[in-house]
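Below is one structure, written out as structure tokens; comments come after it.
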2 protein chains.
Amino acid sequence: MASSLAPLVLIILRRQESYGYQIIQELREKSGGQMAVAEGTLYPVLKKMEAKKWVEGVWKKADSGRERRYYKLTSNGTQELEQQYSQLNFVSQLIHKLWNLPLSTSSNL
Amino acid sequence: MASSLAPLVLIILRRQESYGYQIIQELREKSGGQMAVAEGTLYPVLKKMEAKKWVEGVWKKADSGRERRYYKLTSNGTQELEQQYSQLNFVSQLIHKLWNLPLSTSSNL
DNA sequence: TGCTATACTTAGAACTTCTAAGTATGTTTG
DNA sequence: CAAACATACTTAGAAGTTCTAAGTATAGCA
């Protein structure tokens, strides 16, 4: 369960343009193998993000001779990412706040 | 978009038992109005969590005379919460890690 | 030549969340 | 007292996301 893949992908593309297969590898590596996103999950997400103009995709022939679809962030996507990133931080902070509230030690009823 | 409501609810119930309507209020208050969960979203989630034995629900008559269904964490639910909480922290840290990687300044192709 | 890694596609199922109703009871206010 | 409002829970259906599980195709290697 990726729990909202889009921001993770946008963050990766913020650093440098990339393509589907590599994004999957990077997520797996950077997460120490914890985050295993299936191809059937990621590729439709990339298409949806392209349709929303968050990213721009172009076909390029790699040195290997293979065709790859490289994606890069648009300015739209940068805005979107900033919003989603701060939203994620907000929720994360809310969770910590709730977690750290003192536990009730006796019945409250 | 609540982005996985279950852990938030479990965290609230970890502090003290509560009921649906109050959980909605608490989420709204503690989030400064940012997190507005609809009743039609929360109540089915509570039922699902009860079916999974993460929480236990009982009907009680409140001082007001109203019937409420109070939920409290089971030991099962405590285990589940610990797992989900560390999973959330993991993803949150991964996101920060990826965000803070140096941006590429020139073409990488 | 056959296997493995790379690279992308697609259909359908499962799950989550939201919308938008509805029901019922207690409280407040004109 | 009646109307309006806040409390409290229910449910059906739509929309959105992710997973499963296929499939296609090419490059490199044994």
Side-chain angles (χ1 to χ4, degrees), chain A residues 1-10 12-13 17-29 31 33-52 54-71 80 84 87-88 91 109, chain B residues 1-10 12-13 17-29 31 33-52 54-71 80 84 87-88 91 109:
Chain A
M1 276 147 214
S3 180
S4 208
L5 197 48
L8 281 165
V9 172
L10 292 176
I12 286 176
L13 294 180
E17 62 182 75
S18 186
Y19 55 95
Y21 200 82
Q22 192 176 51
I23 292 172
I24 290 171
Q25 308 306 319
E26 182 161 357
L27 280 175
R28 199 174 50 210
E29 286 160 23
S31 70
Q34 299 297 295
M35 183 140 285
V37 180
E39 303 181 10
T41 303
L42 180 63
Y43 287 112
V45 166
L46 284 171
K47 289 192 173 177
K48 211 194 77 183
M49 296 199 310
E50 187 169 15
K52 288 186 178 176
W54 296 352
V55 299
E56 235 177 65
V58 290
W59 287 104
K60 287 186 196 172
K61 198 183 283 288
D63 291 345
S64 64
R66 304 293 304 269
E67 287 289 321
R68 295 170 181 161
R69 189 154 182 87
Y70 282 89
Y71 293 94
E80 181 64 28
Q84 291 198 19
Q87 177 64 20
L88 282 167
V91 172
L109 302 175
Chain B
M1 277 150 211
S3 178
S4 208
L5 194 50
L8 282 165
V9 172
L10 291 177
I12 287 177
L13 294 181
E17 61 182 78
S18 186
Y19 55 95
Y21 200 82
Q22 191 176 50
I23 291 171
I24 290 171
Q25 309 305 319
E26 182 161 356
L27 280 174
R28 198 174 54 212
E29 286 160 24
S31 70
Q34 299 297 295
M35 183 140 285
V37 181
E39 301 181 10
T41 302
L42 180 64
Y43 288 111
V45 166
L46 285 171
K47 289 192 174 178
K48 211 193 77 185
M49 296 199 310
E50 186 168 15
K52 288 185 178 176
W54 296 352
V55 300
E56 235 177 64
V58 288
W59 286 105
K60 288 186 196 170
K61 198 183 284 287
D63 290 345
S64 63
R66 305 291 306 268
E67 286 290 321
R68 296 169 180 162
R69 189 154 182 86
Y70 282 89
Y71 293 94
E80 182 63 29
Q84 291 198 18
Q87 177 63 21
L88 283 168
V91 172
L109 303 176

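We name chains A, B, ... by the order of the sequence lines, and we start the count at 1 in each one. The figures here come from the full heavy-atom set of this structure, side chains too, leaving out hydrogens, waters and symmetry mates. Fair warning: this is a prediction, and the values are worked out from it, not measured in the lab.
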### Task
Test A:Y19 against every option in A:W59, A:Y70, A:Y43 by the ring-ring contact (aromatic ring centres under 6.0 Å, His included) rule and name the one that passes.
A:Y70
Value in whole Å for how far the [atom2] atom of [N] lies from [atom1] of [X]:
X: A:M49; N: D:dT17; atom1: CE; atom2: C1'; value: 14 Å
X: B:L5; N: D:dT17; atom1: CG; atom2: P; value: 17 Å
X: A:E26; N: C:dA7; atom1: CD; atom2: C1'; value: 17 Å
X: B:L27; N: C:dT17; atom1: CG; atom2: P; value: 12 Å
X: A:K60; N: C:dA7; atom1: NZ; atom2: P; value: 14 Å

### Query
Going through the checks in order, is the side-chain contact (heavy atoms from CB on, under 4.5 Å) test met by A:R28 and A:Q25?
CA-CA 5 Å; A:R28 199 174 50 210; A:Q25 308 306 319; 2.7 Å; yes
#### Entry: Any side-chain heavy-atom pair of A:R69 and A:L46 under 4.5 Å
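Heavy-atom side-chain distance check fails, nothing below 4.5 Å.
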### Flag side-chain contact, heavy atom, 4.5 Å: B:L10 against B:V55
yes
### Message
On DNA chain C, compare the nucleotides closest to B:D63 and B:A6; which residue's is nearer the 5' end?
### Response
B:A6
### Message
Checking side-chain polar atoms at under 3.5 Å, does B:E80 have a donor or acceptor matched by the opposite partner on B:Q84?
### Response
yes
### Query
What's the spacing between B:I24 CD1 and B:L27 CG if we round to 0.5 Å?
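Interatomic distance, B:I24 CD1 to B:L27 CG, rounded to 0.5 Å: 8.0 Å.
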### Message
I need the A:Q22 CD to A:Y71 OH distance, nearest 0.5 Å.
### Response
13.5 Å
### Query
How does each nucleotide of nucleotides 3-9 of chain D score, in 5' to 3' order, for protein heavy atoms under 4.0 Å: base (B), sugar-phosphate only (S), or none (-)?
----BBB
### Message
Over the length of the helix from C:dT1-D:dA30 to C:dG30-D:dC1, how much do the five-pair end axes diverge, rounded to 10 degrees?
### Response
10°
### Message
Please classify the nucleic acid contact of A:K61 as base, sugar-phosphate, or nothing, using heavy-atom distances under 4.0 Å.
### Response
nothing
### Query
Which residue lies toward the 5' end of DNA chain D, A:V45 or A:G65, if each is placed at its nearest nucleotide?
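By nearest-heavy-atom nucleotide position, the 5'-most residue is A:V45.
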### Task
Report the residues that fulfil ring-ring contact (aromatic ring centres under 6.0 Å, His included) with A:Y21, sequence neighbours left out, ordered by chain and then residue number.
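None.
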### Query
Any donor and acceptor pair, going by atom type alone, linking the side chain of B:E50 with main-chain N or O of B:G57 inside 3.5 Å?
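The answer is yes, because a donor-acceptor pair under 3.5 Å joins these two groups.
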